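Chain A is the first sequence line, chain B the second, and so forth, proteins listed ahead of strands; every chain is numbered from 1. These numbers were taken from a predicted model, which means no experiment stands behind them.
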2 protein chains.
Amino acid sequence: MTRTRLSEPTKTATSGSIAQALSLAIHEHRILPGTKLVEDELAEIYGVSRTVIRAALHSLSHIQLVEIRRNKGASVASPSLVEAHEVFEARELLEPRTAHSAAHFATPADIARLERHIEDEHAALEAADPGRALYLSGLFHNDIAHIANQSTIAGFIETLVARSSLIIALYWRRESALCEKHAHHALVKAIEDKNEKQAEELMRSHLVDLHSALDLKKRSGRVLSLKDALSQ
Amino acid sequence: MTRTRLSEPTKTATSGSIAQALSLAIHEHRILPGTKLVEDELAEIYGVSRTVIRAALHSLSHIQLVEIRRNKGASVASPSLVEAHEVFEARELLEPRTAHSAAHFATPADIARLERHIEDEHAALEAADPGRALYLSGLFHNDIAHIANQSTIAGFIETLVARSSLIIALYWRRESALCEKHAHHALVKAIEDKNEKQAEELMRSHLVDLHSALDLKKRSGRVLSLKDALSQ
DNA sequence: AAAACTTGTATTGTATACAATTATGTGATC
DNA sequence: GATCACATAATTGTATACAATACAAGTTTT
């Protein structure tokens, strides 16, 4: 996954790049669950036809980041509490295993990248940008899945991490995500030490911790205009 | 071009129904890995425009049943041996857990449905229709995943089962699938008895057995014409 | 006033036209 | 005979036009 390019406007938006941009905006909570995603509006914003927008929306709907109802259009998905628990239960099943394998396969370059993720995440929190911190936190988990060298499972985890971002927007009750910093640090340490069993156990407890931080009732969310939310 | 009004309940083919029809054809090995899927040809067969076909192909590409390369079009996916092993490793991670939960949640109606699947599968083998038997065998696994009441994980398993069908087309070396009959029967028995631990263990050993039946080198496959393969 | 109908607008679904790209075949050259 | 160049066909990518559906507001009817 490459970082978003900044200022060159000549980038002809393709359905993939638009899906990625929308996905990032959802990850960072610039557009919240329930927001209607109107095809014409998005086509205008990205300077392409509805055809391309439709492809992007459909690909996001497949990973359940957006929900498409026939003749009703697309909106950012709004997982139920049951789905929320399911997502975290699935993560608790998959990710400890990937942490185990990651501890086996990780190279020094991998370790360095993971540590950079943690630093960036911390910097985003310092800069009062919790949305970006959340996104980076997701990248951290995805990166571990890829290091584990199981691309099929890594693909599943990517969708689970993405949906987790929606869930956090709806059900999160904890004030800061700072507590995660130590958990992530300890995890990297275990992976660096090639302590597979410990990495697995740290990942498991980390996820249980996140899962327990879900609230029981939905939060209300104000919805910004798409133009504003997608202007970067 | 006018649509086919000749037949009675002319189910206006939608992208979903077309995706399902193609998926079934792939499951049943009527169209084999590597087969080119030309949009115009499919549009002609199903009596819709390319727009609808494209949506169907894209949705199949998301679950990796078909592979789409830009400007090159779609073809039935042809997983590498590495991917094949990954798919089965993922199944070995997920499905024992669902078997465990299924044993917990299964109702008598669920048991009856599972047993019907086994019978149908056996009947298909008797009728010398191994493709259909394979499809039904996949349904059996999907059904267990749904009984386990974890729709997120069930969704993952569905894609893994689908890809397994491609893998079997490419790498299967066993003559008959009859051996599975006993495995499936024993599994249902354990679920019926609500013996969670045994169900989990039977599922694990069943999957290890399947995994071990993969050959190391690809088989060559003859490709039929799409019109013939999709005529049902 | 409440319910049902009507009409107008916004939005999505599908087909089609055209542009861009890739694949194919033919002949010239060595 | 092999290989390259180039023209032609086949196929995919994108935009747009139009049809179908849903949504909202106002009007009529009871």
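- Whole-Å rounding puts the B/Lys36 NZ to D/dA10 C1' distance at 9 Å.
- For the pair A/Gly47 and A/Arg69, nearest-nucleotide mapping onto DNA chain D gives the more 5' position to A/Gly47.
- Side-chain contact check for B/Ser80 and B/Glu83: at least one donor-acceptor pair (N or O, by modelled atom type) lies under 3.5 Å.
- When the C1' atom of D/dT14 is taken as reference, atom CD of B/Glu39 falls 12 Å away, rounded to whole Å.
- Separating the CG atom of A/Asp40 from the C1' atom of C/dG13 is a distance of 13 Å, rounded to the nearest angstrom.
- The CG atom of B/Leu57 sits 10 Å away from the P atom of D/dG13 (whole-angstrom rounding).
- Within the 4.0 Å cut-off from OP1 or OP2 of D/dA15, at least one side-chain nitrogen or oxygen of A/Ser49 is found.
- In this structure, the CD atom of A/Glu44 is 15 Å from the C1' atom of C/dT11, given to the nearest Å.
- Set against C/dT14, D/dG13, D/dT12, the side chain of B/Arg70 has D/dG13 as its closest nucleotide.
- Rounded to whole Å, atom P of C/dT11 lies 14 Å from atom CD1 of A/Ile53.
- Shortest non-hydrogen contact noted between B/Ala124 and B/Leu136 is CB-CD1, 4.3 Å.
- By the 30° and 60° cut-offs, the orientation of the rings of B/His206 relative to B/His184 is perpendicular.
- Aromatic ring pairs are classed by plane angle as parallel below 30°, tilted from 30° to 60° and perpendicular above 60°; the pair B/Tyr135 and B/His27 is perpendicular.
- Closest contact between the side chain of B/Arg50 and the listed nucleotides C/dC18, C/dA15, C/dG13 involves C/dC18.
- Comparing C/dA15, D/dG13, D/dT16 by their nearest atom to the side chain of A/Thr51 picks out D/dT16.
- For A/Lys72, counting side-chain heavy atoms from C-beta on, the closest listed nucleotide (C/dT22, D/dC23, D/dT14) is D/dC23.
- Ring geometry for A/Phe156 versus B/Phe156: interplanar angle under 30°, hence parallel rather than tilted (30 to 60°).
- Of the candidates D/dA15, C/dT12, D/dT12, the closest approach to any side-chain atom of A/Asn71 belongs to C/dT12.
- Atom CD1 of A/Ile18 is separated from atom P of D/dG13 by 15 Å (rounded to the nearest Å).
- At whole-Å resolution of the value, CD1 in A/Ile68 and P in C/dT14 are 12 Å apart.
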